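In what follows, every heavy atom counts, from backbone to side chain, and hydrogens, waters and symmetry copies are set aside. The shown structure was predicted, so the numbers you read here are calculated from the model rather than taken from an experiment.
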Amino acid sequence: MMNDQIQTKLIYNQQRVTYKNLFEIFELNFIKISRLIPLLASINQDTIGVKSTLNDLFLICHEKSPYTGTYTLTHKIKSLDKVINRPDIRFKIYFDAKLLEVESICKETRINSSHPLIKDCSDLSFQLEINLFMLRWLDYCLNKYNGAEWITKN
């Protein structure tokens with residue numbers, strides 16, 4: 001099996017975004033979220049990943065059925081008098097197909113809004129960008145939160 005970071009670089013460096021390479025990212029994201037949250041398929045309510053020396057990682061459950069689930073994975077950061085969710089990644093999981101598709105990142109702001117080629121960015125390219133962002137963030141989370149205790153939010 002090819003190292004997933006090498007595979008990601010190969011996909012990203014291709015001239016043209018295709019459904020095939022986008023679905024490869026969906027598969028890699030599913031593998032990584034499954035390692036981060038092993039019991040994700042059974043989670044149907046808000047859950048918190050707790051690791052003693054780190055900020056808690058919040059998994060917000062929006063919808064859960066036997067074959068799909070829609071969740072948000074985020075940190076809650078206290079800023080002045082309010083709490084900000086960052087990076088606030090909303091995604092859909094297809095448990096039967098073993099795919100994770102990012103729906104949005106930081107709903108109130110769009111990532112890469114100052115991207116120099118934003119006008120030339122197709123829907124597929126944008127999908128690739130936000131799913132690659134998730135892939136990289138999951139790498140970070142796996143590094144930091146591996147072995148975290150996942151508890152149900154009261």
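Looking at Asn131, its side chain never comes within 3.5 Å of a backbone N or O of Phe26 through a donor-acceptor pair. No donor-acceptor distance shorter than 3.5 angstrom exists from the side chain of Tyr145 to the backbone of Ile37, with no hydrogens or angles considered. At least one donor-acceptor pair closer than 3.5 Å links the side chain of Thr74 to the backbone N or O of Arg86.
Linking Ile, Leu, Val, Met, Phe, Trp and Tyr whenever their side-chain heavy atoms come within less than 4.5 Å puts Ile33 and Ile43 in one cluster. In terms of hydrophobic clustering, with Ile, Leu, Val, Met, Phe, Trp and Tyr side chains grouped at heavy-atom distances under 4.5 Å, Phe133 and Phe30 are assigned to a common cluster. Under the 4.5 Å side-chain heavy-atom criterion for Ile, Leu, Val, Met, Phe, Trp and Tyr, Val83 and Leu59 are members of distinct hydrophobic clusters. Cluster annotation: Ile130 is connected to Trp137 through the hydrophobic network of ILVMFWY side chains, with a link wherever side-chain heavy atoms come within less than 4.5 Å. Cluster membership check: Tyr67 does not share its hydrophobic cluster with Leu39, using side-chain heavy-atom separations under 4.5 Å among Ile, Leu, Val, Met, Phe, Trp and Tyr.
Residues Lys64 and Phe95 come closest through the heavy atom pair CE-CE1, 3.8 Å.
Atom CZ of Arg35 and atom CG of Asn146 lie 8.0 Å apart (nearest 0.5 Å).
Between Tyr19 and Phe23, the two ring planes are tilted [angle within 30° to 60°].
Heavy-atom contacts from other residues, nucleotides or ligands closer than 6.0 Å to NZ of Lys76 number more than 12.
Residues meeting the side-chain contact (heavy atoms from CB on, under 4.5 Å) test with Gln45, sequence neighbours left out: Thr152.
Ile48 shares a hydrophobic cluster with Val50, Phe58, Ile151; the chain of contacts runs through ILVMFWY side chains whose heavy atoms sit under 4.5 Å apart.
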